Amino acid sequence: MSDSPVVRARNLGKTFGKGSDRVEALRGIDLDIESGEFVSLIGPSGCGKSTLLRLIGDLVPASSGELTVNGKSPQQARLDRDYGIVFQKATLLDWRTVTKNVELPLEIMDEEARSERAASMLDLVQLSDFAKHYPWQLSGGMQQRVAIARALAFEPSLLLMDEPFGALDEMTRELMQQEVLRLWQQTHTTVVFVTHSIPEAVFLSTRVIVMSARPGRITDRIETQLPYPRTVDTRESAAYYDKITEVRESLRRGDRQ
Amino acid sequence: MLSFIVVTFVLIAIWEGYKLIWLQMGWIRPVRPDNTTMPHVWDMIIELFRPVRRGGDLLILDLAARSFFTLREAFLGFVIGGIFGFALSVLFVRSTLLERSFMPYVVASQTIPIIAIAPMVVVWGGRLDFPQWLSVAVISAYLTFFPVAINTLRGLKSPDPTALELMRSYAAKPREVLWKLQVPSALPYIFTALKVSATASVIGALIGELPAGFGDGLGRALLTFSQQFGARSVKLYATVIVTALVGVIFVTVVTLVERKTLAAGSRDFEVELMTGRATG
Amino acid sequence: MTDTKPAAREATRTSELRHRLRKHVPAAVLFVLGLVAWEGLIRAFDVESFVLPAPSEIGSRLVDQWSVIMSAAGNTMIEVIGGLTAGVVLGVTVALISVRWEAAREGILPFAIATNAMPIIALAPIANNMFPVTSPVSKMTVVAIVVFFPVMINTVRGLTEVGTGELELMRSFAATPRELFTKVRIPSALPYFFSALKVASTLSIIAAIVAEYFGGPQDVLGQYIIAKANLFVFPDAWAAILVASAIGIAFYGIILGAERLVMSWHVSLRATEAG
């Protein structure tokens, strides 16, 4: 079991709508994501990267092909609470304090010792001082950190992130990237990360999956091969720039095909 | 539309079913199932095609004339109230001081039971030599202006701040900002308000007719038939049905105008305005 | 813009106070000015009291008629509270049912919207004759029907208008429908419920007084106002109108307070912080 990939997709396809409204969002996706990997899905809008994430998370059903998560159907994986998810919007519940928001999944899973768990998660995302605040009292970046704490609260083996920093300003964004890498290394979670930012994908990932639109498909897989821990120095290294160039050219090639 | 018809038939079935079961069981609570208190639905409809009084018009013709009369008052009240409400909201959006000074009273005005001041309004109208139906229209306007004022204000305030800044960068005059930006953005809000106001204007006209002391409208018919309830309960029920239809027709007309005016309808606002969320 | 500054909840008390003053002073000033102008105009032009009585006259009549008006107001309040409670309970119940069963919603909602377009006042004479004329139940029925629609429609709206993000989030937790309901749907419906309640509170008094107009016991505000108006004793009628309006405003205020208590987290109540 431990040898099998966390995510395994074979000839996966997804079509929305019927008749003339039919849109083929994904075609022929073959993908293995190993335990402990940090994989980014990148591509132009309409390439189906979010859809692929949603298929893995069982938020939408696949139309064709095979998909397993931890060797199970995505639905079973969802019912087993195998993954946590973070959207572009923090989607915190307005009427709950930061702590209560982090406790939400634990309540649903009938976890004991919720407050201890929530407190340690808030400690992990460095928001302990704001435990009793309401979401509206936090900045966008802080809200997103709460959302991440919530997703990790029940120690899922897989973390799905759908453009989680898309709405943040550049400075906050870089801080959050550092933060996510730290969490990833501390928790040994497998991460699937959707983004449209090339530097972000390169900085974070062990592997970048390049996708292309009409129909959505995988056109390239690039190992970043940059050493961890990645820091500000990484961002200034030549190797980093080379990788960014490589991904950019790959995206351009994919687009022309 | 189909579900509406279905629900109508379900309601009729409940009404008749209640009568049937309660009669069988001899129950009289909460409501007596006899033909005076709860006439058969078909009797209400048949009554529409009987003369109002011996040798008089058919009830339906009489009620049609009354509906027309009440609708005229309501429509006039709708127009007066609509213009007044719109003007208020423009003033309020121009001046925060005016808004803060008057808004609480605009809200408080709606807690005054209109039926209680209706007689006074009729007296005032009389002083000014208004015909009584005009006084009734004023009463109707009192109920109509409120949703329009509240919702239009929200609509006028709805444009994005950047859109206002853009207008400023063009050195647009306040009037141009109002007509080119604020009013178009407010249109969905205004139509939502107008639908509420349409019902409100009919209610206002009905209430205004009660103390006005003339017998041409539906309000008076409701009062007369309710006082002669025993023998004529079917007439009262028939009148209530016609009155309900008048309200629905008015709202339907406003909805049709809205569809013509706004390419993409404002369905989202419909419920909101209807329940007066704006007051919150 | 930075990641460190939470919204300024710790805004100093004094600035909040100043903000509140600035917000409410104009209305208070207008109130005093309006009252003075009203009194002055009535005296200056010697307006007869059946046209419009001066505030001082209304005030003195209110003092004079206090016990009669209060007794009438008490009876009207019973109708209002009974009808309001019934209407709210019924509205929320039907909303919950129609959200639970989508088929029910498909049928009920358009009907409710159409029914709301009807002048419900027209039902007053019917309700009056369905129930014993001396019982307040007939008035309560009218109030309940008037209250029912806004409460039900708004509650349905609040319960169903939950963002896809929240729905997907709960799905990812494999939450049961029941958990989705109690943890997400009901809290998100609260703001809608309260705004319906605010409308309902003022509507309920007006509806009760209209229902009273169509007959019944004499010791109620509606009948008091009509009797006085018929006798052209308008200052007394105005005094009772004032009381009715005050009850409406008080109800509104109570609900506003309850809303603040229950939903301190909600956007609409954060205004003072932003100032």
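Computed from a prediction, not measured in an experiment: that's the story for all the values here. Letters go in sequence order (proteins before strands), and every chain restarts at 1.
- Comparing V210(C), L203(C), V137(C), T202(C) by how many heavy-atom pairs each has under 4.5 Å with chain B, the most go to V210(C).
- Using a 4.5 Å cut-off between heavy atoms, R100(B) contacts chain C through both its backbone and its side chain.
- The minimum heavy-atom distance between A108(B) and S245(C), with the atom names listed, is O-OG, 4.3 Å.
- Counting only heavy atoms from C-beta outward, the side chains of Y213(C) and L223(B) approach each other to under 4.5 Å.
- With a 4.5 angstrom heavy-atom cutoff, M103(B) does not touch chain C via any of its atoms.
- Rounded to the nearest 0.5 angstrom, L222(B) CG and L123(C) CG are separated by 9.5 Å.
- I209(C) contributes atom CD1, which lies 11.0 Å from atom CD1 of I112(B) (distance to the nearest 0.5 angstrom).
- Counting heavy-atom neighbours within 6.0 Å of F31(C) CZ, excluding the residue itself, gives a total of 12 or less.
- Here the closest heavy-atom approach between residue I241(C) and residue M120(B) is recorded as CD1-CE, 3.6 Å.
- Interface residue I249(C): backbone and side-chain heavy atoms are both found under 4.5 Å from chain B.
- Neither the backbone nor the side chain of F250(B) comes within less than 4.5 Å of any heavy atom in chain C.
- Within 6.0 Å of the CZ atom in R32(B), the count of heavy atoms belonging to other residues, nucleotides or ligands does not exceed 12.
- Per-residue counts of heavy-atom pairs under 4.5 Å with chain C were compared for T252(B), L245(B), I117(B), L218(B); the largest is that of I117(B).
- For chain B, no part of Q223(C) is nearby; none of its heavy atoms comes within less than 4.5 Å.
- Counting heavy atoms from C-beta outward, Y105(B) and L30(C) have side chains that approach closer than 4.5 Å.
- Nearest heavy atoms, I225(C) versus A116(B): CG2-CB, 3.5 Å.
- Between P119(B) and F234(C), the shortest heavy-atom contact is CB-CE2, 4.5 Å.
- Interface remark: F251(C) contributes no atoms to any contact with chain B (heavy atom separation under 4.5 Å).
- Between atom CD1 of residue I226(C) and atom CD1 of residue I115(B) there is a gap of 6.0 Å, rounded to the nearest 0.5 Å.
- Both the backbone and the side chain of L97(B) come within contact range of chain C, judged by heavy atoms closer than 4.5 Å.
- Contacts of L52(C) with chain B are made by both backbone and side-chain atoms, with heavy-atom separations under 4.5 Å.
- Pairing each heavy atom of Q110(B) with each of I206(C), the nearest pair is O-CD1, 2.9 Å.
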